[in-house]
Amino acid sequence: MGLYPQSFIDELRLQANILQVVQEYVPLRKAGTNSWKGLCPFHSEKTPSFHVVPDRQFFKCHGCGKGGDVFKFLELHERLTFTEAVRFLAQKFGVALPETTNEDDSRRDAGARESLLKMHEVASAYFREQLEGPAGARARQLIADRGINPSTAQQLGLGFAPPSREGLKARLLKQGFALPAVLQSGLVVQREAQAPASGSSHGTGSAHGEGVDRFRNRLMIPICRDTGSIIAFGGRAMESDQVPKYLNSPETPIYSKGRILYGLHLTKQAIRKLGYVVLVEGYFDFAQVFQSQAAPVVASCGTALTPYQAELLRRFTTKVVLSYDPDAAGEGAAAKSSELLVKEGFDVNVLVLDRGQDPDTFIQRNGGAAYQARLKASRPYLDYLMDAATRGVKMQDANAQRAFLGKMLAIAAWLPEATARDQFADKVAHRASITAEVVQSEFRKLAAKRQTSLTRAELPGLGEIKPAERALIWWLIQRPIEALPAVVALEEDDLRLLVTRPVLQLAQSLQNLPPEGVPSALIQRLNEQDAELVTGIASEEVAPAKSLEECVSAVRRLRIDHELAGVQRAIQQLLQGAYWNDDDLNALLRKKEELSRQKRSLNDDLWQDVGLR
């Protein structure tokens with residue numbers, strides 16, 4: 001956090017529109033005068049409890065408790081450090097980053113990642129050149145044979161890696177990239193000097209060091225972030241005896257296979273608009289669905305979905321249709337992906353194709369309209385599982401019923417919400433011809449076993465906070481121009497008994513900032529626990545007190561009442577002794593009278609019924 005001056009961070013926060021940033025990840029709708037809401041990206045839910053308050057530049061989820069400013073949102077959602085979030089927002093909103101004196105390591109890391117991105121841009125241009133030239137004739141024919149038209153091939157960025165050992169390597173070195181960085185990119189691999197080059201007819205030697213192109217004689221498929229930046233490649237073999245059939249880039253500082261969904265950069269707007277996505281396995285499955293415009297689609301590239309990919313999907317939709325290959329491997333991947341998605345609260349359907357077909361071959365043979373018809377006939381995943389569990393089974397048999405119920409209980413354990421479990425219980429009861437009460441009883445027992453301790457138990461509950469301080473925080477965030485002077489006027493003793501003392505003291509330290517900038521500056525400086533607490537209070541629609549004066553008076557009365565109680569105890573202890581000093585007693589009585597006078601001056605009659613103590 002110390003890499004950039006606080007003044008720069010405060011200025012950037014004011015320029016970075018939190019609503020604009022969050023809406024790129026979470027569909028939001030207006031909810032009241034100053035609030036927008038949607039499904040929380042940080043936990044599974046079906047009823048929106050995630051709020052963004054753009055006027056005060058904070059977000060808050062009333063379900064999981066997450067809250068904070070625009071920097072915190074990016075830290076949580078993109079798994080960024082604070083410094084990375086600052087850089088991200090500065091670049092997005094065109095704000096120049098100031099020079100710093102202690103960011104050498106961080107700058108080197110950022111420079112290395114930027115260099116890797118540029119190398120992949122150079123590589124993509126090189127592969128496209130090769131595809132369009134004489135050497136790419138067979139690759140162009142392969143694309144045509146797979147039913148991919150030139151427009152789609154261009155949108156996908158398809159290219160061709162020729163058989164030469166060092167064609168791309170030479171291009172990258174000519175562009176000024178150092179060999180160690182080129183090797184780090186994974187586009188070039190270290191080889192023994194005498195290693196033969198599969199499919200190579202004219203080696204060029206190793207004038208630039210021992211390294212050869214990773215991708216040779218392959219149809220090249222760029223892999224992009226959802227922003228469109230190329231970060232890796234997949235290469236499909238041109239020859240039937242080439243192994244592996246598909247060769248992918250290795251993990252690098254800019255690429256992790258389990259964190260990317262292929263094609264998302266091309267379809268994310270359609271996903272958001274239509275409200276669902278079709279999840280397929282491979283590059284050409286994606287290409288055919290995308291080209292036919294049958295549905296918004298992404299590909300997991302042959303692997304079961306990872307939790308990070310599920311969170312990536314959640315930015316755009318919580319409705320997923322799985323369309324994996326109907327072979328054993330595809331069904332296994334579908335089962336794992338479905339389990340993960342259901343656990344995460346997604347609505348999941350399964351599109352079943354005939355044996356021996358995948359989305360690629362199905363659309364080539366039958367067209368996009370036929371695929372859409374299958375899509376409309378897709379089954380909810382839980383129904384699909386019940387169909388599979390009862391296929392060929394006589395459900396009138398008691399043993400079969402028990403076995404079926406046992407399988408369904410295991411599935412119910414995935415469901416995060418009680419409503420979904422109850423609905424599933426009704427379906428299970430109907431399918432197995434078992435009374436609904438029996439099934440629901442078993443599901444309730446399961447739910448009781450699944451309950452765990454609260455993960456946020458350390459967070460002070462609102463019930464522990466005095467109503468007066470709770471109201472004061474609300475005013476501070478929602479009405480900072482009026483509230484900041486009042487908070488600054490509170491003395492240290494006034495705050496001493498308050499759970500939120502660290503928050504209010506921090507607010508006092510911000511008195512030299514423009515008042516309208518205090519809410520976001522305060523939230524940014526708080527630790528995660530206090531930020532969640534403050535944003536939770538601030539997101540309430542109605543002020544907890546009629547006026548700011550009520551809050552201040554009640555806070556001061558709390559302190560006075562506490563001191564009065566202490567003085568009264570001291571007087572009683574003094575009088576209970578065998579001897580006492582008149583001077584000591586008179587001093588205590590004067591102290592008591594002064595405190596009583598202060599209390600009366602707060603117009604006790606005005607506040608005694610407002611419920612702020």
Side-chain angles (χ1 to χ4, degrees), residues 124 127-162 215 217-224 230 233-242 244-248 261-271 274 276-302 321-327 329-330 333-334 351-378:
S124 179
F127 294 141
R128 288 197 304 272
E129 288 175 16
Q130 298 301 313
L131 178 67
E132 295 166 2
R138 287 189 61 218
R140 293 195 298 273
Q141 187 60 50
L142 174 61
I143 293 171
D145 291 344
R146 297 299 295 256
I148 306 300
N149 64 41
S151 175
T152 301
Q154 184 176 21
Q155 286 179 282
L156 298 177
L158 300 183
F160 173 62
F215 300 103
N217 197 29
R218 290 182 178 272
L219 177 66
M220 298 303 296
I221 304 161
I223 299 171
C224 302
I230 301 171
F233 290 94
R236 196 232 186 241
M238 292 295 301
E239 309 294 343
S240 59
D241 60 349
Q242 267 185 287
K245 184 177 181 179
Y246 284 93
L247 178 66
N248 292 320
L261 287 166
Y262 176 72
L264 182 58
H265 66 296
L266 296 172
T267 61
K268 61 183 181 181
Q269 297 304 328
I271 295 169
L274 296 177
Y276 75 97
V277 65
V278 173
L279 181 63
V280 298
E281 281 189 276
Y283 303 120
F284 287 100
D285 294 327
F286 173 90
Q288 286 295 340
V289 179
F290 174 70
Q291 179 175 268
S292 69
Q293 298 184 16
V297 60
V298 295
S300 59
C301 297
V321 180
L322 288 171
S323 183
Y324 281 5
D325 296 355
D327 56 17
L351 190 161
V352 180
L353 297 175
D354 301 331
R355 285 283 172 183
Q357 292 190 328
D358 54 30
D360 174 24
T361 58
F362 182 90
I363 292 175
Q364 287 193 64
R365 294 174 187 173
N366 305 288
Y371 186 80
Q372 275 189 327
R374 292 291 183 101
L375 181 61
K376 291 176 181 178
S378 64

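Residue numbers run from 1 in the order of the sequence given.
Within the 4.5 Å cutoff, no side-chain heavy atoms of T152 are placed close to those of I143. Taking the side chain as every heavy atom from C-beta outward, D360 and V280 never approach each other to under 4.5 Å. By the 4.5 Å heavy-atom criterion applied to side chains, S323 and D285 are not counted as neighbours. In this structure the side chain of E281 never reaches within 4.5 angstrom of the side chain of D358, judged on heavy atoms. Residues L351 and Y371 are in side-chain contact: their nearest non-hydrogen atoms beyond the backbone lie under 4.5 Å apart. When side chains are defined from C-beta on, L375 counts as touching Y276, because their heavy atoms get closer than 4.5 Å. Contact annotation: the side chain of F362 never approaches that of Q288 to less than 4.5 Å [non-hydrogen atoms, C-beta and beyond]. Between L353 and T361, the closest side-chain pair of non-hydrogen atoms is not below 4.5 Å.
Between C224 atom SG and L261 atom CG the span is 12.5 Å, to the nearest 0.5 Å. Put simply, CZ on F127 and CG on L219 are 11.0 Å apart, with the number rounded to the nearest 0.5 Å. Rounded to the nearest 0.5 angstrom, S292 OG and N366 CG are separated by 11.5 Å. Taking OH of Y246 as the reference point, atom CZ of R218 lies at 10.5 Å (rounded to 0.5 Å). From L158, atom CG reaches atom OG of S124 across 9.5 Å, with rounding to the nearest 0.5 Å. To the nearest 0.5 Å, atom CD of residue Q293 and atom OG1 of residue T267 are 12.0 Å apart.
In terms of modelled atom types and a separation under 3.5 Å, the side chain of Q291 and the main chain of A287 share no donor-acceptor contact. Formation of a donor-acceptor pair under 3.5 Å by the Q372 side chain with backbone atoms of A294 is found in this model.
The aromatic rings of Y262 and Y283 lie perpendicular to each other, with more than 60° between the two planes, well past the 30° mark.
When all heavy atoms are compared, the tightest approach of M238 to N217 is CG-O, 3.2 Å. Between P296 and L274 the shortest heavy-atom distance is CD-CD1, 3.6 Å. Residue I230 comes nearest to P222 through the heavy atom pair CG2-CB, 4.2 Å, listed as atom of the first residue, atom of the second, then distance.
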(Q) Test side-chain contact (heavy atoms from CB on, under 4.5 Å) on L247 and F233; report intermediate values, then the result. (A) CA-CA 8 Å; L247 178 66; F233 290 94; over 6 Å; no

**Q.** Trace of the side-chain contact (heavy atoms from CB on, under 4.5 Å) decision for I363 with V289
**A.** CA-CA 7 Å; I363 292 175; V289 179; 3.7 Å; yes

